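Here is the structure we will look at.
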Amino acid sequence: MMTTIAVDTILEKMRAETPLVQCITNYVAMNIAANVLLAAGASPAMIHAEEEAGEFAGIVSALTINIGTLSPPWIAGMKAAAAGAKAAGTPWVLDPVAHFATSYRARAAQEILDLGPTILRGNASEILAFSGATSGGKGVDAGDTVEAAEETARALARERKMVVAVTGETDFVTDGEREARIGGGSALMPQVTALGCALTCLVGAFAGAWRDDAFEATVTALALYGVAGKRAHQLAQGPGSFQVAFLDTLAAINPAELKAKVEIA
């Protein structure tokens, strides 16, 4: 389907700039997140200690914060990094992993959200929970449909003046005024650990390279994931070979192929 967003130009610019992305993410996601960024054309840095996270956020192209691994020192590092990014004008992305699961996690996510991320990316249950709605989520898995979270995403985007991305079978992105739905992907993606967490880091890479429009940057990141997932599915025999094929495909897709195969409505 045709889109007015120049996904080919945005991908080309991201790869030309090789943005350095500070990824504060959980233990399970660190390896795959770094590999996804490298394959797509960006550069990862896993820096989370309070003593350096804020300073480092001032020199990177983008910051991403994933709350999957939480403890007081990690939360302090996340807050320092968010403050450093804000002071430097660095775009940053919040991934509120399962923030509805415990009161400690919910409080931490709300406090970090209040620091003003450029982009909020989560599954439907994670986005819905910010409205106070009862979530059907279980652990890190969504128990709600993307469609059910769309109105909450619009309200959050308008209230917080940020881009909100709800990811699932068909992704939904809004900045409160514009909207896009992105297809593609593979049913094997949920069977490979932390691919969603890695997507958050990829969104950061595009936001760092395409700073004038976080909405277009987010849509392009999700579009690349969707096209790569669909193509890798055709090459894979199961979840293990899918992970390998997915990384290879992320690296192989060129801007022209992305433009030709993107599924955006």
Side-chain angles (χ1 to χ4, degrees), residues 1 3 5 7 25 29 33 36 64-68 91-101 105-106 109-110 112-113 116-187 189-190 194-207 213-230 262-265:
M1 183 173 292
T3 174
I5 298 176
V7 295
T25 191
V36 161
T64 67
I65 296 176
N66 170 305
I67 69 165
W92 67 283
V93 188
L94 173 60
D95 186 344
V97 179
H99 69 100
F100 47 78
R105 184 167 291 271
Q110 189 64 53
I112 297 170
L113 179 66
T118 312
I119 300 160
L120 174 68
R121 190 214 69 83
N123 64 39
S125 296
E126 290 163 349
I127 299 302
L128 271 171
F130 277 120
S131 70
T134 300
S135 170
K138 181 180 180 182
V140 299
D141 298 324
D144 303 279
T145 65
V146 171
E147 291 79 6
E150 286 187 2
E151 190 51 46
T152 297
R154 293 186 190 97
L156 278 170
R158 294 182 187 124
E159 177 188 354
R160 302 274 181 169
K161 301 186 186 309
M162 63 183 178
V163 171
V164 179
V166 189
T167 54
E169 187 171 346
T170 298
D171 304 324
F172 176 75
V173 181
T174 181
D175 62 0
E177 296 182 0
R178 295 172 290 176
E179 299 180 357
R181 293 171 180 80
I182 302 99
S186 164
M189 296 177 90
L195 276 189
C197 302
L199 174 57
T200 296
C201 298
L202 187 65
V203 170
F206 278 92
D213 197 323
F215 173 80
E216 291 190 348
T218 303
V219 170
T220 304
L222 269 56
L224 177 61
Y225 235 56
V227 172
K230 192 170 185 178
V262 68
E263 299 178 26
I264 300 178

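Not measured: the values here are computed from a predicted model. The analysis underlying the following values was restricted to heavy atoms, covering all of them including side chains, and did not include hydrogens, waters or symmetry mates.
Nearest heavy atoms, Pro91 versus Thr118: CA-OG1, 3.3 Å. For the pair Ser186 and Gly229, the tightest heavy-atom approach, listed with the atom from each and the gap, is CB-O, 3.5 Å. Nearest heavy atom pair, residue Ala124 against residue Ala149, reads O-CB, 3.7 Å. Ser125 and Asp144 get closest at one heavy-atom pair: OG-OD2, 2.5 Å. Closest approach of Gly204 to Thr64, counting heavy atoms only: CA-CG2, 3.9 Å. Contact detail for Ala198 and Ala33: the closest heavy-atom pair is CB-CA, 3.7 Å.
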Yes or no on side-chain contact (heavy atoms from CB on, under 4.5 Å) for Leu113 and Gln110, after CA distance, side-chain angles and deciding distance? CA-CA 5 Å; Leu113 179 66; Gln110 189 64 53; 3.9 Å; yes
For a side-chain contact (heavy atoms from CB on, under 4.5 Å) check, start with the C-alpha distance between Arg178 and Asp213, then their side-chain angles and the critical distance, and finish with the verdict. CA-CA 12 Å; Arg178 295 172 290 176; Asp213 197 323; 2.9 Å; yes
Given the rule in the side-chain contact (heavy atoms from CB on, under 4.5 Å) test, do Val203 and Leu199 qualify, once you have shown the distances and angles that lead to the verdict? CA-CA 6 Å; Val203 170; Leu199 174 57; 4.3 Å; yes
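Looking at Glu147 and Arg181, their side chains never come closer than 4.5 Å, going by heavy atoms from C-beta outward. At a threshold of 4.5 Å between non-hydrogen side-chain atoms, the residues Glu177 and Phe215 do not count as touching. Contact annotation: the side chain of Val227 never approaches that of Lys230 to less than 4.5 Å [non-hydrogen atoms, C-beta and beyond]. Side-chain contact check for Leu156 versus Met162: some heavy-atom pair is nearer than 4.5 Å. Annotation: side chain of Ile127 is in contact with side chain of Leu120 (closest heavy-atom distance under 4.5 Å).
Considering only residues two or more places apart in sequence or on other chains, Arg105 meets the salt bridge (Lys or Arg N to Asp or Glu O under 4.0 Å) condition with none of them. Listed by chain and number, the residues in a side chain to side chain contact (heavy atoms under 4.5 Å, CB included) with Asp171 are Thr167, Ile182, Leu222 (sequence neighbours excluded).
Rounding to the nearest 0.5 Å places CG of Asp175 at 9.5 Å from CZ of Arg158. Atom OG1 of Thr170 sits about 12.0 Å away from atom CD1 of Ile264, to the nearest 0.5 Å. Between atom CZ of residue Arg160 and atom CZ of residue Phe130 there is a gap of 8.0 Å, rounded to the nearest 0.5 Å. Separating the CD atom in Glu151 from the CZ atom in Phe172 is a distance of 8.5 Å, to the nearest 0.5 Å.
Residue Ile119 forms a side-chain contact (heavy atoms from CB on, under 4.5 Å) with just one option from Thr200, Asp95, Val93, and that option is Val93.
The stretch residues 214-229 participates, sequence neighbours left out, in these side chain to side chain donor-acceptor pair (under 3.5 Å) pairs: Trp210-Glu216.
Atom CD of Glu179 has more than 12 neighbouring heavy atoms from other residues, nucleotides or ligands inside a 6.0 Å radius.
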